[in-house]
Amino acid sequence: MKKINVAIVGVGSFTKALVEGVAFYTKNPNEHRGLMNPFIGPYQVQDINFVAAFDVDERKVGKKLHEAISVKPNITKQITESLTYDAVVHRGPTLDSVSKAMKESFVQESTTPATDVATVLRESKADLVVNLVPSGGEQATLAYAQAALDAGCGFINCIPTPLATLSDWTQRFEAKGLVLLGDDIKSQLGATMLNRILLEFLKIRGIRVLKSEQENRGGNADHFNLLDRAASKEKSKREALTQFLTEDDVKPKVNFIYTGVPSGHKRVTIDIEGEMFGRVPITIHSVIEDEISVNGAGVLVDAIRVAKFLMDSNRQSDAWKASPFLMKSPTRPVSDGKAFDLFQEIIKVSHD
Ligand SMILES: NC(=O)c1ccc[n+]([C@@H]2O[C@H](COP(=O)([O-])OP(=O)(O)OC[C@H]3O[C@@H](n4cnc5c(N)ncnc54)[C@H](O)[C@@H]3O)[C@@H](O)[C@H]2O)c1
């Protein structure tokens, strides 16, 4: 079976969960529990292979990928011991991806000069680049995307910083026979999704929304980063929530709270108040407790496989059909039910 060669940008907690998740399904090839789609086209999770990685932190640069995922400040519940890889973490260009606060706390910037990303991608025979730099790294995201284009790799933008939703990037990838998926990867079962389903349901049932507040509490590096770089994340989440609301409803609120206690565990509360029949009040209180990086990795394994499968079968222009199921800010937003149908349609074609 052909493998999917993946280059990772940003060897943080999310990457740790992804690499260990691939190890879990490789060690247990008949285990399909926990997967949204065991097969995407011909690909299973164990067909994902890591061939290159980039980071800027001196504790990670120069290490093998399977060693770098477990150094501080990465923190997430271990799924299983990683497989071993020859892929070494290269020093990527920092540009704007590390805020001043992050430099003083979570990221210890390496003094090694930045490598030429496109050259590493070509030499490692990467099919796809997965962007997992901290939220807010706009120049860094554009630079890695350009390197992917130059090297002939598809690109998956997992972070809220816009790329696929910028006007011409999707076409630029398509024109080279490549796929761009983005922006801002969904969780397998996340707060935005539950908040959105509840709001959509309220609208279908004729209920006016008077309050919708989502509070995200966590203690990993990304939560810290969001203290001063939450703008694109909040925008991405808010836009995902407002699709079904009318002018008569309030605008949903989204807050991030950094607990200061190192943990990959996240606790989200969603409080909704509305008015039902006869303008009588109704309230909904929901809580999600999850391991944030694992929750995202469960979706990224689908994004990687569908991107490669669309490129294999020359269906780059169908990337928009995959995005709404996978991304919080897709190029063409649709309802969650429609997003599922579009994704399944792509998978069905794969078996023809
Ligand atoms: N469920 C989820 O965890 C989830 C969901 C949606 C989006 N995201 C996004 O995924 C991204 C990664 O999340 P995380 O928890 O792994 O964050 P993290 O802070 O643990 O990891 C980010 C890594 O990127 C590295 N980095 C910084 N600048 C870089 C550069 N220019 N080039 C290469 N590497 C660089 C850092 O050193 C760090 O190792 C964030 O932007 C987050 O918003 C995560």
Side-chain angles (χ1 to χ4, degrees), residues 7-19 21 52-61 63 65 68-76 89-99 101-103 105-110 112 114-115 117 120 129-144 147 156-161 163 182-193 216 218-226 229-234 236-237 240 256 258 262-266 268 288 290-300 303 326-329:
I8 293 286
V9 176
V11 185
S13 296
F14 197 128
T15 295
K16 178 171 161 61
L18 173 69
V19 171
F54 302 89
D55 206 288
V56 299
D57 194 307
E58 65 180 9
R59 293 164 292 183
K60 297 171 182 173
V61 171
K63 286 205 167 65
L65 174 65
I69 56 173
S70 295
V71 307
K72 281 187 179 164
N74 290 5
I75 188 161
T76 180
V89 181
H90 293 267
R91 172 49 156 122
T94 307
L95 300 166
D96 61 345
S97 61
V98 186
S99 67
M102 283 292 270
K103 262 185 200 151
S105 49
F106 280 89
V107 177
Q108 294 174 10
E109 216 180 325
S110 160
T112 308
T115 189
V117 175
V120 174
V129 177
V130 171
N131 185 33
L132 286 164
V133 300
S135 308
E138 289 175 24
Q139 292 167 19
T141 296
L142 293 182
Y144 282 109
I156 301 175
N157 185 36
C158 299
I159 82 164
T161 300
L163 180 73
D183 298 317
D184 197 9
I185 197 129
K186 281 181 175 173
S187 291
Q188 194 168 0
L189 204 163
T192 308
M193 190 177 299
N216 297 256
N220 74 6
D222 192 46
H223 254 89
F224 180 80
N225 182 43
L226 291 173
R229 286 203 164 184
S232 56
K233 190 90 165 182
E234 281 175 2
S236 174
K237 276 184 169 254
F256 296 94
Y258 173 61
S263 168
H265 188 79
K266 182 172 149 189
V268 187
I288 302 181
D290 70 340
E291 198 63 26
I292 180 172
S293 305
V294 174
N295 211 338
V299 179
L300 184 48
L326 306 166
M327 300 288 166
K328 292 191 195 86
S329 300

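All residue numbers in this chain count up from 1 along the given sequence. When a ligand or atom number is given, it counts from 1 through the structure's own listing order.
- Polar contact check, D184 against ligand 1: no nitrogen or oxygen pair lies under 3.5 Å apart.
- A donor-acceptor pair under 3.5 Å links the side-chain atoms of K60 to the main chain of V11, judged by distance alone.
- Here the shortest heavy-atom distance to atom 28 (N) of ligand 1, taken over S97, P73, G298, A114, belongs to S97.
- Partner K16 forms a side chain to side chain contact (heavy atoms under 4.5 Å, CB included) with one of I69, V71, V294 and no other, that one being I69.
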Report the C-alpha separation of V117 and Y144 in whole Å, then their side-chain angles, then the decisive distance to 0.1 Å, and conclude whether the side chain to side chain contact (heavy atoms under 4.5 Å, CB included) test is met.
CA-CA 7 Å; V117 175; Y144 282 109; 3.8 Å; yes
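- The closest approach between K328 and ligand 1 falls below 4.0 Å for a heavy atom of the residue.
- How far CG of D57 is from CG of N74: 8.5 Å, rounded to the nearest 0.5 Å.
- Under a 4.0 Å heavy-atom criterion, F106 is not in contact with ligand 1.
- Here the protein heavy atom with the shortest distance to atom 21 (O) of ligand 1 is G12 CA, 3.2 Å.
- Close contacts of ligand 1 with I159, meaning ligand atoms under 4.0 Å from a residue heavy atom, involve 11 (C), 41 (O).
- Taking the six-membered ring for Trp and thresholds of 30 and 60 degrees, H223 and F256 have ring planes more than 60 degrees apart, a perpendicular arrangement.
- If you check which protein heavy atom lies closest to atom 10 (O) of ligand 1, you get L132 CD2, 3.6 Å.
- Note: F224 and F106 have tilted aromatic rings, judged against thresholds of 30 and 60 degrees for the angle between ring planes.
- In terms of polar-atom proximity, defined here as any N/O pair under 3.5 Å, P160 makes no such contact with ligand 1.
- Between G137 and ligand 1 there is no heavy-atom distance shorter than 4.0 Å.
- Counting atoms of ligand 1 from 1 in the listed order, those under 4.0 Å from a heavy atom of F54 are 33 (C), 34 (N).
- Salt-bridge check for E138 with R229: failed, with every basic side-chain N at 4.0 Å or more from each acidic carboxylate O.
- Of the possible donor and acceptor atoms, none in the side chain of N131 sits under 3.5 Å from a partner among the backbone N and O of T141.
- In this structure, the side chain of S236 does not engage the main chain of K233 through any donor-acceptor pair within 3.5 Å.
- Below 4.0 Å from some heavy atom of I185 lie the following atoms of ligand 1, by number and element: 5 (C), 6 (C).
- Close contacts between ligand 1 and V98 involve ligand atoms 27 (C), 28 (N) [criterion: under 4.0 Å to a heavy atom].
- The N/O atoms of F14, backbone and side chain alike, include one that comes under 3.5 Å of an N/O atom in ligand 1.
- With distances taken over non-hydrogen atoms, the option nearest atom 26 (N) of ligand 1 out of A143, P134, S110 is P134.
- Judged purely by atom type and a 3.5 angstrom limit, S187 has no side-chain atom pairing as donor or acceptor with the backbone of I292.
- The atoms of ligand 1 that sit less than 4.0 Å from any heavy atom of G296 are 1 (N).
- For atom 36 (C) of ligand 1, the closest heavy atom belonging to the protein is D55 OD1, 3.5 Å.
- Side-chain atoms of D184 do not come within 3.5 Å of backbone N or O of K328 as any donor-acceptor pair.
- Proximity annotation for atom 31 (N) of ligand 1: of P93, A140, S187, P93 comes nearest, heavy atoms only.
- Polar contact check, S135 against ligand 1: a nitrogen or oxygen pair lies under 3.5 Å apart.
- Closest to atom 20 (O) of ligand 1 among all protein heavy atoms lies S13 N, 3.1 Å.
- Both the backbone and the side chain of I292 come within 4.0 Å of ligand 1, counting heavy atoms alone.
- A distance-only check finds a donor-acceptor pair linking the side chain of R91 to the backbone of S110 [under 3.5 Å].
- By the 4.0 Å heavy-atom criterion, G92 is excluded from the residues contacting ligand 1.
- By the 3.5 Å distance cut-off applied to N or O atoms, D57 is not counted among the residues near ligand 1.
- Donor-acceptor pairing under 3.5 Å is lacking for the side chains of N220 and S13.
- Considering backbone and side-chain N/O of A221, none are found under 3.5 Å from N/O of ligand 1.
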Under the side chain to side chain contact (heavy atoms under 4.5 Å, CB included) criterion, do V107 and V56 qualify, and how do the steps go?
CA-CA 8 Å; V107 177; V56 299; 4.1 Å; yes
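- Residue contacts with ligand 1, taken as heavy atom pairs separated by less than 4.0 Å, involve V11 solely via the backbone atoms N, CA, C and O.
- Scanning the protein for heavy atoms near atom 7 (C) of ligand 1, the closest one is C158 O, 3.2 Å.
- Of the protein's non-hydrogen atoms, the one nearest atom 33 (C) of ligand 1 is Y144 OH, 3.2 Å.
- Counting only non-hydrogen atoms, the option in D222, L300, V133 that gets closest to atom 11 (C) of ligand 1 is V133.
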Determine, stepwise, if the pair V89 / R59 fulfils side chain to side chain contact (heavy atoms under 4.5 Å, CB included).
CA-CA 10 Å; V89 181; R59 293 164 292 183; over 6 Å; no
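- Using a non-hydrogen distance threshold of 4.0 Å, N295 does not register as a contact of ligand 1.
- At a 3.5 angstrom cut-off on N or O pairs, T15 does not count as close to ligand 1.
- Near T94, meaning under 4.0 Å from any of its heavy atoms, are these atoms of ligand 1: 31 (N).
- Between the D222 side chain and the P134 main chain, no donor and acceptor come within less than 3.5 Å of each other.
- The protein atom (non-hydrogen) at minimum distance from atom 24 (O) of ligand 1 is G10 CA, 3.3 Å.
- Within the 4.0 Å heavy-atom cutoff, K233 counts among the residues contacting ligand 1.
- K237 contributes atom NZ, which lies 11.0 Å from atom OG of S329 (distance to the nearest 0.5 angstrom).
- Between L132 and L300 the shortest side-chain heavy-atom distance falls below 4.5 Å.
- Rounded to the nearest 0.5 angstrom, H265 NE2 and E291 CD are separated by 7.5 Å.
- Taking every non-hydrogen atom of K60 and a distance limit under 4.0 Å, the qualifying atoms of ligand 1 come out as 38 (C), 39 (O).
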